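Taking it in order: structure first as structure tokens, then the write-up.
Bear in mind the structure is a predicted one, so any value in this text is a computation, not a measurement. All values below were derived from every heavy atom in this structure, side-chain atoms included, with hydrogens, water molecules and symmetry-related copies excluded.
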Amino acid sequence: MRLGTSARVVLGIVTAVILLVVYVPLFVVLVNSFSTSTSLAWPPPGFTLEWWGKAFQSAGALEAVLTSLQVALISTAVALVLGTLISLALQRFEFFGRDAISLLIILPIALPGIITGIALNNFFRTIMGVPLSIWTVVIAHATFCIVTVFNNVIARLRRTGTNLEEASADLGAGVWTTFRLITFPQLRSALLAGGLLAFALSFDEIIVTTFTAGSGVTTLPIFILNNMFRPNQAPVVSVIAVVLVIVSIVPIYLAQRLSGSEQTRR
């Protein structure tokens with residue numbers, strides 16, 4: 001389908017405006033991380049690397065980074081195992097309620113974060129009587145990280161079909177042998193892409209974390225929120241925000257490249 005000249009111009013203008021609205025604030029945060037102003041005055045009166053040094057020497061920030069890494073890694077591992085098993089069950093077997101279960105698996109990523117956070121908070125504290133801790137955060141993050149793994153794996157299973165698995169079974173291979181030698185190699189790039197996306201999603205999540213973290217648990221996004229409006233902390237927060245953006249971009253970029261390369265090979 002060819003677009004007219006006027007349609008292309010309008011589409012280009014709209015795209016440019018959207019990109020500016022999204023990326024200009026990020027650029028401002030980057031510039032503020034080098035500003036000599038403690039109140040983030042604009043334009044910056046000068047530039048310095050002082051805040052970057054303070055950010056990497058901040059015990060609270062480093063502890064928050066470590067907590068976020070722990071939560072993201074554990075929740076991603078849980079999501080990889082459960083997301084893969086659910087995908088295999090829903091794609092390779094037929095049973096009553098399969099479509100309903102598929103909807104329930106995808107639903108957490110579609111619900112507003114505040115709804116998920118309130119529901120999980122009530123579940124842990126009221127129904128289960130479990131005190132909030134880093135493990136409740138891990139469970140909460142795993143609920144929506146599973147969706148990213150599930151979507152990647154089930155899409156790959158639909159494309160690959162069952163011919164090779166059936167041939168393996170006909171040749172006498174057992175279920176685990178077939179999975180190890182046939183199914184898993186076909187899923188590796190999908191699992192890696194889903195795992196990278198799940199890690200990025202967990203690492204910078206704040207709404208659900210706020211409702212499920214105990215008083216002693218501070219992830220990096222919560223640390224940023226708590227220190228954003230404190231005197232002399234705004235430039236340090238800007239530095240941490242820049243680092244958080246970079247950490248989030250890398251796994252998303254790698255996941256996109258993996259998905260693109262896989263589609264190109266096919």
Side-chain angles (χ1 to χ4, degrees), residues 1-35 37 39-45 47 72 79 83 99 102-103 105-117 141 143-159 189-190 192-210 220-221 224-225 228-229 234-235 237-266:
M1 182 178 66
R2 293 181 176 273
L3 295 176
T5 302
S6 59
R8 289 199 299 270
V9 171
V10 171
L11 183 60
I13 293 174
V14 171
T15 302
V17 170
I18 293 174
L19 291 176
L20 286 174
V21 170
V22 173
Y23 288 104
V24 167
L26 294 178
F27 176 75
V28 171
V29 172
L30 174 63
V31 173
N32 282 334
S33 68
F34 297 100
S35 175
S37 172
S39 59
L40 302 184
W42 190 265
F47 297 95
D99 293 337
S102 179
L103 175 63
I105 295 299
I106 297 175
L107 191 59
I109 203 71
L111 289 174
I114 191 169
I115 301 299
T116 303
H141 284 202
T143 59
F144 54 79
C145 287
I146 287 175
V147 182
T148 60
V149 176
F150 171 79
N151 286 335
N152 278 273
V153 174
I154 201 167
R156 180 62 53 80
L157 289 173
R158 287 169 179 167
R159 289 200 300 268
S189 59
L192 183 56
L196 290 171
L197 290 173
F199 178 87
L201 193 63
S202 172
F203 190 82
D204 62 5
E205 209 289 323
I206 185 170
I207 300 177
V208 175
T209 307
T210 302
L220 189 56
I224 292 174
L225 182 63
M228 184 178 299
F229 302 106
V237 169
S238 295
V239 173
I240 298 172
V242 172
V243 174
L244 185 59
V245 169
I246 295 173
V247 171
S248 300
I249 287 175
V250 171
I252 293 175
Y253 171 77
L254 293 176
Q256 185 182 34
R257 289 296 299 266
L258 286 171
S259 299
S261 62
E262 185 66 26
Q263 291 177 359
T264 301
R265 286 198 299 269
R266 293 180 180 277

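F199 and F203 have parallel rings, their planes meeting at less than 30° on a 0 to 90° scale where 60° marks the start of perpendicular.
Here CD1 of I146 is found 12.5 Å from CD1 of I106. Values are rounded to the nearest 0.5 Å. L20 contributes atom CG, which lies 11.0 Å from atom OG1 of T15 (distance to the nearest 0.5 angstrom). Note that the CG atom of L225 and the CG atom of L220 stand 11.5 Å from one another [nearest 0.5 Å].
With hydrogens and angles disregarded, a donor-acceptor distance shorter than 3.5 Å links the side chain of T210 to the backbone of I206.
Residues N152 and A193 share a closest heavy-atom pair of OD1-CB, 4.0 Å. Summarising the geometry of G113 relative to V208, their closest heavy-atom pair is O-CG2, 3.5 Å, with the distance given to 0.1 Å. Across all non-hydrogen atoms, the minimal contact from A198 to C145 is O-SG, 3.4 Å. Closest non-hydrogen pair, R156 versus S189, comes out as NH1-OG, 2.8 Å.
Under the ring-ring contact (aromatic ring centres under 6.0 Å, His included) criterion, F150 pairs with no residue at all, not counting sequence neighbours.
Heavy atoms of other residues, nucleotides or ligands lying less than 6.0 angstrom from CD1 of I114 number 12 at most.
Here the side chains of L201 and V147 are not in contact, with every heavy-atom distance at 4.5 Å or above.
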